[in-house]
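Reminder, nothing fancy here: chain letters follow the sequence lines and each chain counts from 1.
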Amino acid sequence: MFAALSEKHEHKKVLPDLEGAENGVVMRFAPNPSGPLHIGHARAAALNDAYIRQYGGRYILRIEDTDPKRVDPEAYEMVVEDLKWLGLAITDTVTQSDRLHLYYVLCTQLIERGGAYVCTCDNEVFKELKNKKTACPCREQSVETNLVLWDRMLTHGFKEGEASVRIKTDLLHPDPAMRDFPAFRILDAPAHPKVIAHVYPLMNFSVVADDHLLGVTHVIRGKDHIANTRRQRYIYDHFGWKVPVYRHYGRMGIEGVVLSTSQMRLGINDGTYSGWDDIHLGTMRALARRGISPEAVKNAMLAIGIGDTDISFSWDNLYAENKKIVDPIANRYFFVPEPVTAKIEGAGPHTAHAMLHPSDAARGTRTLEFTGTVLLPKSEISPDVTMLRLKDLFNVKISWNGDTPTFTYAGDSLADARAAKAHIVQWLPAQATIACTIKTQEGDMSGACEPAVRSELGKVIQFERVGFVKIDAVGDEGIVAYYTHK
RNA sequence: GCUGCUAUAGUGUAGUCCGGCCAAUCAUGCGGGCCUUUCACGCCCGCGACUGGGGUUCGAAUCCCCAUAGCAGCACCA
């Protein structure tokens, strides 16, 4: 009870208060379905989620698919899966292509209110006029004319590029981005995968319409939308609607992974990447495959917060968050990279009982039977090494005859190993190993691990002295693991 | 070019609105130590920042001006 309370309290402390949120909020996450979600999306998704958990309310997933050029039919499903993986408190889902009729009706109303007009100017011509702060002829048309033209747009009376609906703003506005921006356009091709249409709203219109219709109270989005927020205010004013509270966070630079949907798709098609979850990509599914937990992603994003400074995303910080989650639960196993076979002279059979987790004895042990020959990491064996401690087993003396080592049993005493400053290394009984490949962003690391790892399929474990990995596949040829972090 | 936003340690972040309690918080990273049959975890110690220059003030990370830098928008993309 108290734990729950204090946890809730902690949530409160993480992010600054939202103005006007005391009685609950309605917020939304509004991705474009062009591909799976990536780390960039995670920030908006997690921030909104945290506020909804803090204040209570509804969390609307709004699929913004009003540009058929940028819709991947498979992405609808992927977006939902990715959000589910993240564990967000989504309460409602709407898809904009289902709602075109609503936007049409509102557009008619806006024209009637004199807040919008149908523009049939060539785009380049309009741009020139706009830059000169000059109205185009269409702007002076009567409401009746506009309604006729709007109807003609909807009934295929115009082809792509021949007409658009513009919002009346302020042509003298110092920021050219504000002047009479477009709200609807005509698209003859490509066909939308979900709806038959050729008049589509532009983002600024459909967003305002939906934010109003759905009762959105607070909007948290990137600062690349600051100009859009100002533009959208004109539409709110024309309708006389209440404007939500906006927060714009700064740009987040992310290095080390590919985020561009088009680049990812290209790479997948030409075989550079194995799929949307290739570990070189910054997608949620790639993180999942690498053993990053959704909680860690959310925590990392909340730690970044809603500051409006441009920042660079830190993998170190994400890994640290993930380690906090994964370290207490990951079982420990031996992995021997680049194994070399070593016959140990003078040792009778031994049985090693190694703990599955060093700080949780209750979890039990793995049993490793020594019968004479072991696998050792190649990097631990060089002519300057004369003694090793096989972890949880015994000490080994190494005598060198030129480049040829001879391994001899040197007692069970841990104290001796300590005194000799011998490395304590992971090892495997030669008769009981399974091949294992650890896939990292830099390439594959091959070796062998304990056969018991087979039972950890799908889980994150720690290979002692190597790092955390997620067991991705278990087959006859061996085990495939993905490197998570140290 | 026009418009706007931002500027705290390697990285993220608190403090900035309402100037003093900030010789600047926390986390991460890095270095060292302790613990430990992992180079993990935990614990301890340390390193490291208010972009620059003016101004206001008894006093400025905090207010004002200028400069510089970064970012965003000016799409019939979202």
Side-chain angles (χ1 to χ4, degrees), chain A residues 13-14 16 30-34 64-71 96 119 121-123 126-127 130-131 133 158 160-166 173-179 181-187 199-204 206-207 221-231 248-253 255 299-305 307-321 323-324 326-328 330 332-335 352 354-355 357-360 389-395 412-415 417-418 422-426 462-468 485-486:
Chain A
K13 280 187 168 173
V14 172
N32 171 262
S34 54
E64 304 207 330
D65 57 346
T66 53
D67 181 4
K69 290 191 190 75
R70 299 190 14 157
V71 170
Q96 290 192 315
C119 177
C121 295
D122 178 79
N123 202 24
F126 182 88
K127 192 185 275 183
K130 177 188 75 179
N131 287 336
K133 303 184 178 179
F158 291 107
E160 184 167 330
E162 287 181 348
S164 63
V165 175
R166 292 187 173 280
H173 197 288
D175 185 351
M178 291 306 120
R179 301 171 198 155
F181 61 87
F184 284 85
R185 42 72 194 271
I186 293 170
L187 243 40
V199 174
Y200 294 93
L202 274 315
M203 174 264 202
N204 281 309
S206 48
V207 161
R221 40 162 35 164
K223 76 174 186 185
D224 46 317
H225 284 294
I226 287 178
N228 288 323
T229 298
R230 293 202 183 98
R231 290 201 270 215
H248 298 97
Y249 55 78
R251 187 193 149 78
M252 180 166 78
E255 286 184 351
N299 290 344
M301 292 304 158
L302 295 190
I304 289 168
D308 32 24
T309 316
D310 297 334
I311 58 142
S312 47
F313 172 78
S314 162
W315 289 97
D316 274 343
N317 291 352
L318 206 217
Y319 294 156
E321 291 291 350
K323 205 186 281 185
K324 281 180 205 160
V326 134
D327 183 81
R332 269 59 172 172
Y333 293 95
F334 287 150
F335 169 87
M355 292 213 283
H357 196 286
S359 43
D360 185 4
R389 167 81 181 179
L390 307 194
K391 188 166 182 286
D392 301 305
L393 191 67
F394 52 58
N395 305 331
D412 294 344
S413 162
L414 178 60
R418 285 255 164 80
H423 283 182
I424 298 170
V425 304
Q426 69 276 41
Q462 189 203 45
F463 279 141
E464 296 190 37
R465 312 207 324 147
V466 175
F468 293 91
H485 47 63
K486 203 157 176 29

[N] [atom2] sits how many Å from [X] [atom1], rounded?
X        : N      : atom1 : atom2 : result
A:Arg70  : B:rC76 : CZ    : P     : 14 Å
A:Arg179 : B:rA75 : CZ    : P     : 11 Å
A:Lys127 : B:rC76 : NZ    : P     : 7 Å
A:Glu160 : B:rA75 : CD    : P     : 18 Å
A:Arg332 : B:rC39 : CZ    : P     : 12 Å
A:Arg251 : B:rU6  : CZ    : C1'   : 13 Å
A:Arg465 : B:rC41 : CZ    : P     : 15 Å
A:Arg389 : B:rU37 : CZ    : C1'   : 6 Å

Sugar-phosphate, base or nothing in reach of [X], heavy atoms under 4.0 Å:
X        : answer
A:Asn228 : base
A:His225 : base
A:Phe468 : sugar-phosphate
A:Asn123 : base
A:Ile311 : sugar-phosphate
A:Pro358 : base
A:Thr66  : sugar-phosphate
A:Ser359 : nothing
A:Gly305 : nothing

Determine the Euclidean distance between corresponding [atom1] atoms of [M] and [N]; express it in Å to zero decimal places.
N      : M      : atom1 : value
B:rC34 : B:rG52 : P     : 40 Å
B:rG54 : B:rU68 : C1'   : 14 Å
B:rA14 : B:rU8  : C1'   : 10 Å

>> Please tell me if A:Lys130 has a side-chain N or O lying less than 4.0 Å from either OP1 or OP2 of B:rA75.
In response: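 Answer yes for this pair, as a side-chain N or O of A:Lys130 is under 4.0 Å from OP1 or OP2.
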
- Side-chain N,O (A:Lys323) to OP1/OP2 (B:rC41) below 4.0 Å: yes

Taken in chain and number order and not counting sequence neighbours, the residues that satisfy ring pair (Phe, Tyr, Trp, His ring centres under 6.0 Å) with A:Phe313 are A:Trp315

Out of [options], which has the shortest distance to the side chain of [X]?
X        : options                : answer
A:Ile226 : B:rG73, B:rC5, B:rC71  : B:rC5
A:Asp224 : B:rC41, B:rA78, B:rU11 : B:rA78
A:Thr309 : B:rA78, B:rU6, B:rC74  : B:rU6
A:Pro176 : B:rU38, B:rU3, B:rC41  : B:rU3
A:Ala177 : B:rG73, B:rU38, B:rA40 : B:rG73
A:Leu202 : B:rA78, B:rG73, B:rA75 : B:rA78
A:Gln462 : B:rA78, B:rA40, B:rC74 : B:rA40
A:Asp310 : B:rA75, B:rG70, B:rU3  : B:rG70
A:Arg418 : B:rG70, B:rA78, B:rU37 : B:rU37

Is there a side-chain contact between [X] and [Y] (heavy atoms, below 4.5 Å)?
X        : Y        : answer
A:Pro68  : A:Leu187 : yes
A:Glu162 : A:Ile186 : no
A:Met203 : A:Asn228 : yes
A:Lys323 : A:Phe468 : yes
A:Leu202 : A:Arg231 : no
A:Val466 : A:Gln426 : yes

With no hydrogens and no angle check, do the side chains of [X] and [Y] hold a donor and an acceptor under 3.5 Å apart?
X        : Y        : result
A:Arg251 : A:Thr309 : no
A:Asp360 : A:His357 : no
A:Asp316 : A:Ser314 : no

Under 3.5 Å, which N/O atoms of the protein pair with N/O atoms of nucleotides 31-35 of chain B?
none

- prompt: Cationic tip of A:Arg166 within the cone over A:Phe126's six-membered ring, i.e. under 6.0 Å and within 45° of the normal?
  reply: yes

Whichever of A:His357 and A:His173 has its nearest RNA chain B nucleotide further upstream toward 5':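 Of the two residues, A:His173 wins.
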
Between A:Phe394 and A:Asp308, the residue closer to the 5' end of RNA chain B by nearest nucleotide is A:Asp308

Please name all residues satisfying side-chain hydrogen bond (donor to acceptor under 3.5 Å, both in side chains) with A:Arg389, sequence neighbours left out, ordered by chain then number.
->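 With sequence neighbours excluded, A:Arg389 shows a side-chain hydrogen bond (donor to acceptor under 3.5 Å, both in side chains) to A:Asn395, given in chain and number order.
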
- Task: Kindly write out the residues that satisfy side-chain hydrogen bond (donor to acceptor under 3.5 Å, both in side chains) with A:Asp327, not counting sequence neighbours, or none if the list is empty.
- Result: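 Checked A:Asp327 against side-chain hydrogen bond (donor to acceptor under 3.5 Å, both in side chains); matches are A:Arg332.
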
### Task
Go through RNA chain B and write down every stem, that is, every run of at least three consecutive Watson-Crick or G-U wobble pairs with distances under 3.5 Å, as range with range.
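Correct response: B:1-7 with B:68-74, B:10-12 with B:26-28, B:29-34 with B:42-47, B:51-55 with B:63-67.
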
Considering only nitrogen or oxygen atoms on both sides, find all protein atoms under 3.5 Å from nucleotides 26-28 of chain B and state each distance.
unit_1	atom_1	unit_2	atom_2	d
B:rU28	O2'	A:Asn317	OD1	2.7

Ion pair check, A:Lys223 and A:Asp310, cut-off under 4.0 Å:
yes

d(A:His423 NE2, A:Leu390 CG) to nearest 0.5 Å is 13.5 Å

